[in-house]
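For reference, the structure is listed below as structure tokens.
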Amino acid sequence: MAKVTEAPKEHLLELKNRCEMSLTGVSEVINFSDNLVTLRTSCGDLTVRGDGLSMGRLNTETGELYIKGTVSILRYSKAKGKNRFEGLLK
């Protein structure tokens with residue numbers, strides 16, 4: 001989907017009343033639907049689950065993203081490498 005040209009280093013997530021979310025440090029929008037959003041941030045991959053999710057604003061230069069909708073789950077995980085053998089060949 002959308003990729004940021006230069007990944008910002010700082011990541012900030014602000015959630016207001018579980019229905020307005022603004023983020024910084026987003027380097028890639030991996031998946032986006034009305035009930036699931038998957039993002040790559042400078043702190044790892046972020047999965048957002050909810051209802052009626054919509055992307056209000058995305059700035060690919062600064063890594064800022066704004067999402068509206070009812071948020072029910074936020075989950076961070078380690079960013080997956082592009083090569084699954086990457087860690088084995090050191």
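Atom set for the values below is all heavy atoms of this structure, side chains included, hydrogens, waters and symmetry mates excluded.
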(message) With side chain to side chain contact (heavy atoms under 4.5 Å, CB included) as the criterion, how do K68 and Y66 come out once you've worked through the C-alpha distance, each side chain's angles and the decisive distance to 0.1 Å?
(response) CA-CA 7 Å; K68 281 185 132 181; Y66 181 75; 3.5 Å; yes
(request) Check D45 against K78 and note the closest heavy-atom contact, atom names and distance. (result) OD2-O, 4.0 Å
(message) To check you understand the geometry: which heavy-atom pair defines the closest contact between R40 and I30, and what is its length?
(response) NH2-CD1, 3.7 Å
(request) I would like to know whether M55 and L65 meet side chain to side chain contact (heavy atoms under 4.5 Å, CB included); could you show each step before the answer? (result) CA-CA 8 Å; M55 191 166 15; L65 177 65; 3.2 Å; yes
Short side-chain to backbone donor-acceptor contact, [X] and [Y], under 3.5 Å:
| X | Y | result |
| --- | --- | --- |
| N17 | C19 | no |
| H11 | T41 | no |
| S72 | R49 | yes |

Contact check, side chains of [X] and [Y], non-hydrogen atoms, under 4.5 Å:
| X | Y | result |
| --- | --- | --- |
| T47 | L36 | yes |
| D34 | D51 | no |
| V29 | T38 | no |
| L53 | V48 | yes |
| E64 | L58 | no |

(message) Just verifying a value: how many Å separate S22 OG and L15 CG, rounded to the nearest 0.5 Å?
(response) 9.0 Å
(message) Run the side chain to side chain contact (heavy atoms under 4.5 Å, CB included) test on L23 and L12 for me, step by step, so that the C-alpha distance in whole Å, both residues' side-chain angles and the decisive distance to 0.1 Å come before the verdict.
(response) CA-CA 5 Å; L23 302 111; L12 173 69; over 6 Å; no
(message) side chain to side chain contact (heavy atoms under 4.5 Å, CB included), that's the test. Do Y76 and L39 meet it? Break it down for me.
(response) CA-CA 9 Å; Y76 283 92; L39 309 167; over 6 Å; no
